[in-house]
Amino acid sequence: MNSATSPAHSPLRALGYELPADPARFGFLDETYPGRDSTATLRARMDDDGYVFMRRFWARETVQVVRDSLTAQLERLGFLRPGFPRDEARCIPGKEVGRAMGNPLDQHDPALRELLFGGHIMSFFGNFLGGQARSFDFVWFRTKGTGLGSPLHCDLVYMGRGTNRLYTAWVPLGDIDLSLGGLLLLEGSHRKSAELQAYLSRDVDTYCENHDDAADFAAGRKWWDGTLSKNPNSLQENLGGRWLTAENYQLGDALFFNMTLVHGSLDNTSDRIRLSTDTRYQLASEPIDERWVGQQPPGHTNAMKRGRVC
Ligand SMILES: O=C(O)CCC(=O)C(=O)O
Ligand SMILES: [Fe+2]
């Protein structure tokens with residue numbers, strides 16, 4: 001039986017909506033592994049598909065060290081259900097670890113930084129980009145327990161103040177099966193710039209200074225959260241393409257994708273925390289988005305809000 005037509009954990013859900021099992025509307029990511037494709041092929045795949053899913057980019061043991069460090073932090077901070085092996089990362093119902101800038105995990109953990117910003121990945125991006133690569137300093141932690149996945153979005157609206165030749169690395173810090181809620185992306189959506197033009201021209205920290213509520217936006221009392229759609233099925237009807245994920249993301253895998261690819265994540269129907277990070281890479285010679293640079297990047301703080309005439 002074709003697993004794409006009857007996923008083992010069906011029905012899969014995103015944002016509470018059941019995803020279609022129809023193979024015309026749902027499938028699994030194409031994958032590669034180090035040494036299989038030339039740099040030219042990887043670039044072509046990134047252009048054609050909007051993503052490159054690299055199995056075994058790192059050795060499992062290397063990533064397990066990072067997982068151990070993060071699950072130890074989660075345990076210390078009281079986010080793990082007692083009585084289970086720490087590595088299982090069982091969640092406590094209703095207790096959220098916190099998103100993005102509100103996540104308490106240590107940005108400066110040495111093993112984490114070596115994994116995400118060390119020689120292995122930087123030389124991959126150096127080859128891929130064709131020059132000296134640099135990363136954003138900020139690490140986006142995802143520590144999601146039972147519940148809805150991430151809102152559907154493109155990364156550009158959060159980090160588009162520098163170059164658009166910027167790539168995300170989504171890194172599973174654990175084996176993530178379909179019940180744990182891994183990354184979900186909409187096939188071909190990186191090519192929908194006409195349909196998404198109004199969305200992609202926005203920035204979550206930029207507001208209309210000539211509107212009545214400008215002061216609320218400037219002071220961070222109001223904000224736009226960058227969500228493209230709350231409904232994966234109607235979005236798919238509008239844009240076309242299949243929803244794609246992996247049947248089993250594994251420790252050591254990396255999913256690289258571009259700034260205009262629509263993505264979110266599956267809902268987590270397990271009782272465990274799905275642990276992953278996402279980080280960003282670009283040419284060192286190109287402009288960088290100042291929100292994500294420095295020892296303590298300012299991120300979406302009020303100092304980074306910009307008004308413009310709309
Ligand atoms: O892991 C998630 O739920 C979302 C990840 C994401 O938005 C990203 O990698 O850019
Ligand atoms: Fe994202």
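In listed order, ligands and their atoms are each counted from 1.
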What's the shortest heavy-atom distance between Leu186 and Gln236, and which atoms? CD1-CG, 4.2 Å
Could you walk me through whether Arg81 and Asp271 pass the salt bridge (charged side-chain N to carboxylate O under 4.0 Å, His left out) test, one step at a time? CA-CA 10 Å; Arg81 203 158 118 211; Asp271 67 347; 3.8 Å; yes
Could you tally the protein N/O/S atoms lying less than 2.8 Å away from the Fe ion (ligand 2)? 3
Can you pull out every ring-ring contact (aromatic ring centres under 6.0 Å, His included) where at least one residue sits in residues 151-172? Sequence neighbours excluded, please. Phe128-Tyr167, His153-Tyr158, His153-His263, Trp170-Tyr249
Give a yes/no verdict on a cation-pi contact between Arg36 and Tyr33, requiring under 6.0 Å between NZ or CZ and the six-membered ring centre and an angle within 45° of the axis. yes
ring-ring contact (aromatic ring centres under 6.0 Å, His included) partners for Phe256, two or more places apart: Phe57, Phe124, Phe125
In terms of side-chain heavy atoms, does Thr206 have a donor or acceptor partner in Arg161 at a distance below 3.5 Å? yes
Nearest heavy-atom approach of Ile273 to Cys91 is CG1-CB, 3.6 Å
With a cut-off of under 6.0 Å to the ring centre and 45° to the axis, is Arg280 in cation-pi contact with Phe136? no
Residues with a heavy atom under 4.0 Å from ligand 1, by chain and number, are Arg142, Ser150, His153, Asp155, Thr168, Trp170, Leu183, Phe257, His263, Ser265, Arg274, Ser276, Asp278, Arg280
Does the side chain of Cys154 come within less than 4.5 Å of Leu200's, by heavy atoms? yes
